[in-house]
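Right, one structure below, let's go through it.
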Amino acid sequence: MTNAEKHDARASRHQIPVPDASVSQILGLPAVYVKGARKSFSGREVLHDVSLSIARGEVVSVIGPSGAGKSTLLRCLTLLDTFDAGELYYGSLRVTERDENGRASYSKDASAKARMQFGIVFQNYNLFPHFTVMRNVCDAPIAVQGRDPAKVEAEAKQILERLGLAEHAEKVPNQLSGGQQQRVAIARALAMHPKVLYFDEATSALDPRLTADMRRIIRELAADGMAIGIVTHEMGFARDVSDRVAFLLDGRIVEEGPAEEVMENPTDARVREFLATAED
Amino acid sequence: MMGMLLSGYRISMIIFAVTLVGSIPLGMLVALGRLSKFKPLSLLMQLFISVLRGTPLMLQMFAVSFMPYYVFGLKTDANFPMIAVLISFVINYAAYFAEIYRSGIQSIPRGQYEAAEVLGYSSRQTFQRIVLPQVVKRVLPAMGNEVVTLVKDTSLAFSLGVLEMFTQARAIVTSQRTMAAFAVAALIYWVTCLIIEYIMRRIEKKLDYYHD
Ligand SMILES: Nc1ncnc2c1ncn2[C@@H]1O[C@H](COP(=O)(O)OP(=O)(O)OP(=O)(O)O)[C@@H](O)[C@H]1O
Ligand SMILES: [Mg+2]
């Protein structure tokens, strides 16, 4: 997708009136915003003062070499782990509070609310093997969000249709290929109506055709107004799909900006070096 | 002869059924206690499991049957041996089942918990909807073995004088001086085990709609 196309996608989105505009949209707040995040494991700091935001309709990739802290950042953003310090917002919802020692504290209530704002497609999908595709998609909206089963199922059918999974609705995950399972994981996340969707290594298991499909799906979701956060070390994909990329090196974001700009003319020497080795 | 054997069989099956009905859920509580983050509870359950699996069931039965007299100074009535058998069987099998459940629960990948957490499931929902159904499938073969063992273990009630099938068979053999009663009893135990194995296979088949 060229820049012009991306721009068109965004422009057309803005022409669509959004009836249920939330506070964060009105205020133009990013869908997710983290500032000054720190994280240590047994005394060794692996995230140093990381700040990042993703706007509605924006695709942001965090790239960097192995051990840079990408997974750690993603785990903390999805509340599977906690930042030691820093501020985390989902829209207007403040997730972390500062305690008297300046450390980040998480209330149960804010965390539960935040969980309804994001979804994640795990690297190995983590589908529920004993549920059919349909049940994988519908169970949480019904059991967790308490929504009407008939409506959830009708919507799930649409989502599966859109992701090309309609004929697989009654299969169980292990009857599907890896690429199909990944799309089920996307469907499962989408059924919860997240504002932010994260991908851990979105394409590591996909062949070139499926990678192209995944790019298209992600761009469509962004065009619908979703904020997309991707963690990957696949440079080509990150460049193709992202509006912005952030380079994470040794737990610091050393460079950040529009995808083409950062990947073609990085200012940081270590990024240049990393890109050069990643080419081949 | 058949009348005595069948009345014994009825008692054996009561021991069998009560043990399963009691120990299957009790074992789950013990397993959850064993896996609890609350250390004292976890250690206590570990001790419970270790002692009950590490000592003979026969000895446990005697311990339970003499407990009222030696510990509380109570006289027990004629029904008490059966009650002692049921109590000790339920507790003993709960310990075995708890270990099976524990390894089943621990074999569920962490990713399942993480997926559930991100989707907002409470820990109770995660256990009931995601973990338990998968644990059931994983523990079924091991449970099947224990259930078959239980059929044969019911004959241990003989040592407390409970009139289950083996006790009856022995009485017949002693009075009639023929081994026929033992042979018939053996056949009945064996057929019972075959039926149970068949039922277990049916359940396993039912859960065969997915692999993980
Ligand atoms: N639970 C943990 N306990 C201790 N150290 C950890 C833990 N998780 C991650 N680390 C360390 O934190 C650093 C960052 O790891 P992380 O997994 O976030 O890197 P990554 O960028 O995702 O790497 P990769 O591309 O290989 O997935 C590494 O040095 C790692 O060893
Ligand atoms: Mg990683």
Side-chain angles (χ1 to χ4, degrees), chain A residues 71 74-82 108-109 111-133 135-147 170-176 181 184-185 187-194 196-198 200, chain B residues 24-25 28 31-32 35-39 97 100-144 199-212:
Chain A
S71 295
L74 194 54
R75 288 181 61 81
C76 291
L77 288 173
T78 52
L79 308 184
L80 290 171
D81 205 337
T82 54
K108 263 213 161 100
D109 183 53
S111 300
K113 281 186 185 142
R115 280 194 192 96
M116 293 300 110
Q117 303 249 350
F118 61 77
I120 177 170
V121 177
F122 291 95
Q123 180 168 9
N124 49 3
Y125 322 133
N126 295 337
L127 295 174
F128 302 131
H130 59 307
F131 285 172
T132 61
V133 167
R135 179 103 193 260
N136 263 284
V137 177
C138 294
D139 197 67
I142 295 169
V144 175
Q145 295 179 323
R147 279 154 54 193
E170 294 310 316
K171 293 186 181 163
V172 290
N174 68 350
Q175 293 173 303
L176 302 177
Q181 290 185 27
V184 176
R188 179 175 71 175
L190 291 181
M192 298 291 282
H193 298 161
V196 185
L197 185 58
Y198 296 108
D200 192 358
Chain B
I24 287 177
M28 184 53 77
L32 292 177
L35 292 169
S36 159
K37 284 195 200 86
F38 182 59
K39 265 273 150 343
F97 289 157
I100 295 175
Y101 294 150
R102 181 183 65 85
S103 66
I105 292 172
Q106 286 180 327
S107 75
I108 302 300
R110 226 180 55 173
Q112 294 287 301
Y113 291 91
E114 296 188 341
E117 187 176 339
V118 168
L119 288 166
Y121 288 96
S122 66
S123 28
R124 172 182 283 259
Q125 284 176 319
T126 303
F127 184 72
Q128 287 177 348
R129 306 177 87 90
I130 310 301
V131 177
L132 188 58
Q134 296 186 57
V135 167
V136 168
K137 180 180 164 98
R138 289 181 186 214
V139 302
L140 221 49
M143 293 292 284
I199 294 171
M200 296 304 292
R201 261 204 308 279
R202 285 287 294 269
I203 303 176
E204 281 176 40
K205 255 233 163 74
K206 235 188 147 117
L207 293 178
D208 233 16
Y209 70 92
Y210 78 92
H211 316 280
D212 39 19

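What you see below is based on every heavy atom in this structure, not just the backbone, and it leaves out hydrogens, waters and symmetry mates. Since we're looking at a predicted model, the values are computed, not measured. Labels below follow one simple rule: chain letters A, B, ... track the order of the sequence lines, proteins then strands, and each chain is numbered from 1.
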Heavy atoms of B:Ala115 and A:Arg188 approach each other most closely as CB-NH2, 3.6 Å
Turns out that what part of A:Phe122 lies under 4.5 Å from chain B's heavy atoms comes down to side chain
Applying a strict 4.5 Å limit to non-hydrogen atoms, the region of B:Tyr209 in contact with chain A is both
Cut-off 4.5 Å, heavy atoms of chain B, and the answer for A:Asp139 is both
Cut-off 4.5 Å, heavy atoms of chain A, and the answer for B:Arg110 is side chain
Distance col, row A:Asn126:CG vs B:Glu114:CD, nearest 0.5 angstrom, shows 7.0 Å
Geometric class of the B:Tyr210/A:His130 ring pair [parallel <30°, tilted 30-60°, perpendicular >60°] = tilted
Against chain A, residues from residues 200-208 of chain B with at least one heavy atom under 4.5 Å, in numeric order, are none
| query | Do B:Val118 and A:Tyr198 pass the side chain to side chain contact (heavy atoms under 4.5 Å, CB included) test, and can you show the C-alpha distance, the side-chain angles, and the key distance before you say yes or no? | reply | CA-CA 11 Å; B:Val118 168; A:Tyr198 296 108; over 6 Å; no
Note: A:Phe131 and B:Arg129 closest approach over all heavy atoms is CZ-O, 3.5 Å
When the 4.5 angstrom heavy-atom criterion is applied to B:Gln125 and chain A, the contacting part is side chain
Here the pair of heavy atoms bringing B:Leu119 nearest to A:Met192 is O-CE, 3.1 Å
Looking only at A:Ser111, A:Ala143, A:Gly119, the option with the highest number of non-hydrogen pairs under 4.5 Å against chain B is A:Ala143
The interface call for A:Ala112 against chain B, heavy-atom contacts under 4.5 Å, is neither
For B:Gly120 and A:Met116 the tightest heavy-atom approach is CA-CE, 3.9 Å
